[in-house]
> 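Have a look at this one.
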Amino acid sequence: MKRKMKVILLLLMMTGIWTGCRGREDARLTDRAEDTVRTQDSSGDIGSDAEDPENPENPEDLENHKDLENPEDPEITETGTEADSAESIGAEAGATEKTDTDLETETGFVPDAADRFYHTALTEELKARITGCSYPDTEEPLQISYEDLSYVHVLHYDFEGQIQEGELICNQAVAQDLVEIFYELYLSQYPIEKIRLIDEYGADDEVSMADNNTSCFNYRPVPGSSKLSNHSYGLAIDINPLYNPYVRTKDGRELVSPDNALPYADRSADFPHKIDKNDLCYRIFMEHGFTWGGAWNSSKDYQHFEKKLEDQ
């Protein structure tokens with residue numbers, strides 16, 4: 001009997017111990033489950049990056065957020081070695097279309113720059129633009145016809161280091177020379193302040209020079225003479241004329257053109273944009289068979305380059 005009681009007591013003790021352990025394990029499991037729930041809830045609060053504009057998880061969201069910050073700064077992509085053309089930039093919805101001038105100002109880079117250097121025959125629009133200005137509107141026969149002339153389009157760096165478009169009218173015989181010369185100057189970032197048709201100055205050479213405008217064709221005589229200038233044939237071009245004036249002597253007096261170029265008549269002085277025999281512009285024009293007015297004897301025309309035709 002005593003032995004039975006001992007067995008019963010032992011069984012009861014073992015049952016109590018097992019129940020206590022099970023209870024503690026259930027409690028641990030419950031705590032672990034609650035911890036898991038708390039962790040998931042907490043990560044839900046912290047892990048909401050996809051909706052956070054400061055740290056978008058989706059690359060598309062990142063692009064959209066960037067566009068919102070910079071609505072006027074669409075991304076410019078590149079294909080191959082050169083950027084897409086200006087027509088394709090800003091093609092995305094909501095983007096601002098960029099012109100070539102915008103690109104030049106903002107990036108200092110022009111897509112397909114070599115294609116911007118070209119020459120063509122004069123269009124009817126161009127003929128109308130110059131007639132009565134640089135090309136006389138007269139019934140009298142002229143020494144050059146529209147068909148002898150070419151329109152030249154170039155790019156150049158201005159004095160601020162920005163890329164600008166330039167245009168010239170010249171003799172067809174030197175059109176390709178000028179395209180190549182200005183392309184070389186562009187690649188070297190040689191500064192030329194302005195390259196505009198002299199018609200924008202009413203074909204007034206003095207006004208154009210005073211504004212430091214680089215120009216070519218202008219049907220006019222040599223100053224102080226009835227002889228036609230080589231500009232009349234589109235065979236002469238003036239580069240940065242304010243800093244490279246025309247200097248001559250008359251009745252013992254030194255005359256400087258343009259009038260505001262007097263500080264640059266002294267060629268022994270050192271100043272920017274001065275053309276001399278060490279200047280890149282001088283060297284390139286010489287390589288293309290031009291002559292330089294700065295080497296003349298009776299007068300000095302430091303801005304002036306011209307090319308003689310074989311039949312001249």
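Atom set for the values below is all heavy atoms of this structure, side chains included, hydrogens, waters and symmetry mates excluded. Residue indices begin at 1 and follow the sequence shown.
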> State the NZ-CG distance between Lys227 and Asn230, to the nearest 0.5 angstrom.
7.5 Å

> Parallel, tilted or perpendicular: which fits the ring planes of Phe159 and His273, with parallel below 30° and perpendicular above 60°?
parallel

> With sequence neighbours left out, what residues match His119 under side-chain hydrogen bond (donor to acceptor under 3.5 Å, both in side chains)?
Gln176

> Among residues at least two apart in sequence or on other chains, which ones pass side-chain hydrogen bond (donor to acceptor under 3.5 Å, both in side chains) with Glu167?
Arg129, Tyr151

> Classify the side-chain pair Asp211/Tyr201 by whether it contains a donor and acceptor separated by less than 3.5 Å.
yes

> Would you say Val154 and Tyr118 make side-chain contact, with heavy atoms under 4.5 Å?
no

> Quick one: do Arg220 and Asp205 make a salt bridge, cutoff under 4.0 Å?
yes

> Which value, rounded to the nearest 0.5 Å, describes the distance between Asn213 atom CG and Glu193 atom CD?
9.0 Å

> Do Ile195 and Leu280 sit in one hydrophobic cluster, given that two such residues count as connected whenever their side-chain heavy atoms are within less than 4.5 Å of each other, even indirectly?
yes

> What's the separation between atom CH2 in Trp292 and atom CZ in Phe305, rounded to the nearest 0.5 Å?
7.0 Å

> Indicate, with yes or no, if Tyr146 and Leu228 share a hydrophobic cluster defined by side-chain heavy-atom contacts under 4.5 Å among Ile, Leu, Val, Met, Phe, Trp and Tyr.
yes

> Assess the pair Tyr190 and His156: is the distance between their ring centroids shorter than 6.0 Å?
no

> Ignoring hydrogens and geometry, is there a side-chain-to-backbone donor-acceptor pair from Asp251 to Arg253 under 3.5 Å?
no

> For Lys127, give me all partners under side-chain hydrogen bond (donor to acceptor under 3.5 Å, both in side chains), at least two apart in sequence or on another chain.
Glu124

> For the rings on Tyr186 and Phe117, is their centre-to-centre separation under 6.0 Å?
yes

> Going by heavy atoms in the side chains, are Pro245 and Arg267 under 4.5 Å from each other?
yes

> Stepwise, does the side chain to side chain donor-acceptor pair (under 3.5 Å) test hold for Asp177 with His288?
CA-CA 7 Å; Asp177 283 314; His288 283 263; 3.2 Å; yes

> So if I apply the side-chain contact (heavy atoms from CB on, under 4.5 Å) rule between Tyr302 and each of Asn240, Asp276, Val247, Asp238, which one comes out positive?
Val247

